[in-house]
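Below, read A as the first sequence line, B as the second, and so on, with proteins coming before strands; counting in each chain starts at 1. Heavy atoms only: backbone and side chains are in, while hydrogens, waters and symmetry mates are out.
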Protein chains: 2
Amino acid sequence: MTIKKEQILETALHLFAKEGYSATSTSKIAKAAGVSEGLIFRHFGNKKNLLKELMIQTQETINHLFLPIFEETDPKEVLIKTITLPLRIDKEYYDYWRLQYKLRWEPEYTNNNKFVPILNKFEETFTALNYKEPKQEAILLNQIVNSIAIDILLDRFNEDYIPFLKKKYKL
Amino acid sequence: MTIKKEQILETALHLFAKEGYSATSTSKIAKAAGVSEGLIFRHFGNKKNLLKELMIQTQETINHLFLPIFEETDPKEVLIKTITLPLRIDKEYYDYWRLQYKLRWEPEYTNNNKFVPILNKFEETFTALNYKEPKQEAILLNQIVNSIAIDILLDRFNEDYIPFLKKKYKL
DNA sequence: GTCTATAGGCCGATAGAC
DNA sequence: GTCTATCGGCCTATAGAC
């Protein structure tokens, strides 16, 4: 991976996340990245393919952020790590999240099953904690984490919410 | 309001909700609506203004859907009506919701305070039901409703979730 | 007065050629 | 890395049909 190619990816991530895919032109990316516009097409062929490579990176990044939760065996710790996950994310990763949530609404983008592994992990956790309906509890927890992440990204999150959740789950 | 103007608004709502604002050209709207492209500019001046008029309609529609919850006085009924709200929404309104959730991520669009009145209603409700932290409970309930709506719109909602929630809230 | 059809200007976007 | 071609998007203008 050359330096310029990385610059293009980084800049495109930021602009796509901020303005949206359609609203971001390749020339805007080139200018912001300090490269010639042609280089984008040399490396990625076309604009759509640039987005595709970005989404692979995004998925890897997000999987990496979930890893500590997957590896945790103590069920209470799983819940604590899950609830506080959005808080522990470094600001440099925000664009990845933003892009992810933005692109959910694009008609082409349809990998609904992406969250299934984490849902299974949650279900196991609630089973271990003797919750009555672990499957539904997993869905609820997943919704809560997503909502917190969205609130943080939209800059309307209130810190008091976390201790409230910890009490709810008796942590 | 003339028929053609309504057709333009209706078609634009659908296309903006489906493809996004930037990705939808005025010529595409005109073709889909069966009108000449010039008519769009005659009625709305420019594309941005068309979106603006749509957003006013959208806000009115959504306010109207929340009205029964606002008018309900029995706190348990408030919760039941809230939890089942996304289910009770007719499919013809889906595009309004979709547009709303899509546009949250646009940089210009920043009316965070829009959900404050419903949050207040929820807080009163939880206070009446003697919940310990009504403010946080209101946030949680709001997150749940939004998540359900999103799941429905993204076609990944499971009906079993509603009875689970009703049990949670002892309804 | 509402709308269509058409023509065209201007600009920016994608892409290929060199 | 630049240059250029081509296309499509936004918008204006006008002449005329309903």
Nucleotide nearest [X] (side chain, heavy atoms from C-beta), chosen from [options]:
X	options	value
A/S36	D/dT2, D/dC10, C/dT14	D/dT2
A/S25	C/dA13, D/dC11, D/dG9	C/dA13
A/T26	C/dA15, D/dC10, C/dT14	C/dT14
B/S27	C/dT14, C/dC3, D/dG9	D/dG9
B/L39	C/dT14, D/dC11, C/dT4	C/dT4
A/E37	C/dT2, D/dC10, C/dT14	C/dT14

Would you kindly give the [atom1]-to-[atom2] distance between [X] and [N], to the nearest whole Å?
X	N	atom1	atom2	value
B/K5	C/dG1	NZ	C1'	15 Å
A/I29	C/dG12	CD1	C1'	14 Å
A/L50	C/dT14	CG	C1'	13 Å
B/F44	D/dC10	CZ	P	15 Å
B/H43	D/dT12	NE2	C1'	17 Å
A/F41	C/dA15	CZ	C1'	5 Å
A/K28	C/dA13	NZ	P	7 Å
A/L51	C/dT14	CG	P	12 Å

**Request:** Identify whether any heavy atom of B/V35 sits under 4.0 Å from a base atom; if not, whether one sits that close to sugar-phosphate; answer base, sugar-phosphate or nothing.
**Result:**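 Since only primed, P, OP1 and OP2 atoms lie under 4.0 Å of B/V35, the category is sugar-phosphate.
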**Asked** So what does A/K4 hit on the nucleic acid, given a heavy-atom distance under 4.0 Å: a base, only sugar-phosphate, or nothing?
**Response**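 Sugar-phosphate only.
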**Prompt:** So do the side chains of B/L50 and B/T26 get within less than 4.5 Å of each other, counting heavy atoms only?
**Reply:**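 No, their side chains stay 4.5 Å or more apart.
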**Prompt:** Is it true that the NZ or CZ of A/K47 lies under 6.0 Å from the centre of A/Y21's six-membered ring and within 45 degrees of the ring axis?
**Reply:**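 Verdict for A/Y21: a cation-pi partner in A/K47.
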**Prompt:** In terms of ring plane angle, is the pair A/W105 and B/Y101 parallel, tilted or perpendicular, where the classes change at 30° and 60°?
**Reply:**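 The arrangement is parallel - the two ring planes meet at less than 30°.
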**Item:** Lys/Arg N to Asp/Glu carboxylate O, A/K168 vs B/E137, below 4.0 Å
**Value:**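 Looking at A/K168 and B/E137, the cut-off is met.
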**Message:** Check this for me: A/I3, atom CD1, are more than 12 non-hydrogen atoms of other residues, nucleotides or ligands nearer than 6.0 Å?
**Reply:**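 Atom CD1 in A/I3 is not packed in, count stays at 12 or less.
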